[in-house]
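The chains referred to below are lettered A, B, ... by the order of the sequence lines, with proteins before strands, and numbering in each begins at 1.
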Amino acid sequence: MMELQLGLALCGNSTKGYNLDEFTIESLCGNFNLNTKKPSSSETLDFQDENNVQVLQTLPLLVWDKADDDHSEPQRKDGYEAGVVGWPPVNSLRKILCHQSSRGGGGAVNYVMVENGGGSSGRGSLYKYVKVKMEGVGIARKIDLSLFQSYGTLTDTLISMFGKSKENGDAYKLTYQDKEGDWLLAGDVPWRTFVGSVQRLKLVTDEDY
Amino acid sequence: MAHSFPEQVLKHLFSFLASDKERNSVSLVCKSWYEIERRCRKSVFIGNCYSVSPEIMIKRFPEVRSVTLKGKPHFADFNLVPEGWGAYVEPWIIAMSRSYPLLEEIRLKRMVVSDESLELISTSFDNFKVLVLLSCEGFTTDGLAAIAANCRNLRELDLGESEVEDLSSDWLSHFPDSCTSLVSLNISCLGPEISFSDLERLIAHSPNLKTLRLSQAVPLEKLPDLLCHASQLVEFGTGAYSSEVRSDIFSNLEEAFSGCKRLEGLSGFWDVEAAYLPAIYPVCSRLTSLNLSYATIQSPDLDKLISQCHNLQRLWVLDYIEDTGLQALAASCKNLEELRVFPSDPFLPEPNVILTEQGLVAVSEGCPKLQTVLYFCRQMTNAALVTIARNRPNMIRFRLCVIEPRAPDYLTLEPLDAGFGAIVEQCKELRRLSLSGLLTDRVFEYIGTHAKKLEMLSIAFAGDSDMGLHHVLSGCESLRKLEIRDCPFGDEALLANAAKLETMRSLWMSSCSVSFGACKLLAQKLPKLNVEVIDEMGPPDMRPESSPVDKLYIYRTVAGPRFDMPGFVWTLNEDAKH
């Protein structure tokens, strides 16, 4: 059974005492297929009874490989909440530009990048939402690349996001469009370089490559 | 004695009515006025594409020439609405292609537009003139090529901040040379490639061009060539504003700008090389609008630039302007009506600039016409807000974002209730308000009591209990749009004020405490509402009724439940198939 670890803790509702620890995450998520209206029939959602409902703050479901996951949440400094979706309310284009300017991609300002205590490529308290399409699937998804540290976890998560099993997932290759507009096969450049230049992702079937 | 006026007279009278609101009022006077008005209405605005169906619109208004549609909720801009939620324009285009052959204008905001829809637009309406796509997505440059090729009378093509898939850089070449009608072109959201020669040719045979906003891919050195063909421009958006620093490039640029005698608005300025800023000094004194919100320039270059723009009415800028720059702005720009200050890097734990409440106070003091504010900063005090309110009782739109959620008054450590209270009390014409910082139910009491003209309210990380929501819903008489995230508001306030929801366009609540059971009850009691539960965790009816829903979107509609939802949206409605 895959154990889901929630890397982001959303603030809010602390007064209601939602307690993530008391939840059985495995029983909740399991093989949840996001693209259909009903969960697979073998799955039942195991909840506490009505008087003691503990509910998960919602996040996009992420699958972490234990080996890649050194830390459970991004380090915070001065109580600054780096893990909140959609806050502060700036649109994606501005976020990308923040990312570019603070990585020294333009402008003469020096920044101190925040590194997480854990993994080498640190989250850097930065979002990088990119669109993901899968060949043959009508609806695209969006994913925050800053939450990942490797191609492996990214690809696994994407495959399950689109509701495919691991075996079926192997038939797909991950490609991306870089800053120059070219479509490349993911995996050839170091992860950080990839994150810096990727504009959008597409999962294609093997025959194309 | 309405019937004693012949229809022609009434139609003529109605043609003087400028706004939809007025036409709506007129249509309520009596049946015959309703009939006459509906048959001559030329322009329709639909603030929520799911509130009405294309068929209903077409049936009521057969002579429409201009349609405006808005789709996704505002919080979609901040990634709170999952991909695939909806807002597809296709059914509208298909219906209009059959019934509105004379359609001239389509304006869309936050909608999903396919290439097929663009192709259909380009071939269905012979006299098509205006296409505006703000924050839209789902189309590629192929769709744009169809528009370019087939719309012989195209006047305006505005791609706003849409997400366009770049399949080829030569779509511009599809504009025939015989097309000389272009007045406004905004392709600032495009990149990475553009065919410069196609662009130049297009501009050269568009003598009526008044607005031109280029994409980042257009290099600085090419600007003089473009501007010499378009010296009549009123609004211009540059591409990347940097290059190797060379005096010949500079003098060409300066000469080109000097030649633009009608220029009133500038934008673009992606990636700025400060040495080239003086090239625009010749036009500064005429500028009424300046958008530097993507420009990483700082003092002294920034201050020097702004201090020359005495006639500025609208300024969008990054927080590099700092308090000192805002003080200078307050001193030089007495006609300023709108100020937006965006964060250059909100994710840093320590501030990278000195932009505080003082800057905003200075502008509120120095700029008597200031009525629209969007301000991102890291600290605020009640005293500052009270001062701003007293200085600017003419404020109409006030959006403050203190970057850290629940940040108190940094001097007194109190909530910012009193400060925002002063804003709503003093600013009697306030129509839009966004709150931030530490706020208790008290601020909502102030809002409910005073904000009688408030139409749109955005709330995040605020309040203590349902009383907060109750104050807003029961007190704000003009409220149309309410969007809330991460607040402890639950069932009671919502159910107690259920009827209010039918008087509003929409309500968004995410990460709050509204239970699934309450949603079902609302849907049951108020059939004229669509109650949508958005939850990527799975069907909410698999959980106890008391569990809170993740995201809730409620809107009034005469079109009934929609059926184009993705798997993670549930419409709670007796008739819905769910």
Is it the backbone or the side chain of D166(B) that comes under 4.5 Å from a heavy atom of chain A, or both, or neither? backbone

Against chain A, label F342(B) side chain, backbone, both or neither, depending on which of its atoms sit under 4.5 Å from a heavy atom there. side chain

dist L80(B):CG -> W87(A):CH2 (nearest 0.5 Å) comes out at 10.5 Å

Is it the case that the side chain of R94(A) and the backbone of S293(B) share a donor-acceptor pair, with hydrogens and angles ignored and the cut-off at 3.5 Å? yes

Of P346(B), S434(B), C401(B), which meets side chain to side chain contact (heavy atoms under 4.5 Å, CB included) against P89(A)? C401(B)

Taking atom NZ as the centre, does K72(B) end up with more than 12 heavy-atom neighbours from other residues, nucleotides or ligands that are less than 6.0 angstrom away? yes

With a 4.5 Å cut-off on side-chain heavy atoms, are V85(A) and F78(B) touching? no

Does E273(B) CD have over 12 foreign heavy atoms under 6.0 Å away? yes

Taking all non-hydrogen atoms of both residues, which atom of N91(A) and which atom of E161(B) are closest, and how far apart? ND2-OE1, 3.1 Å

Which one, D77(B), N79(B), V402(B), I297(B), leads in non-hydrogen pairs under 4.5 Å with chain A? N79(B)

Check this for me: does any side-chain nitrogen of one of R200(A) and E165(B) sit under 4.0 Å from a carboxylate oxygen of the other? no

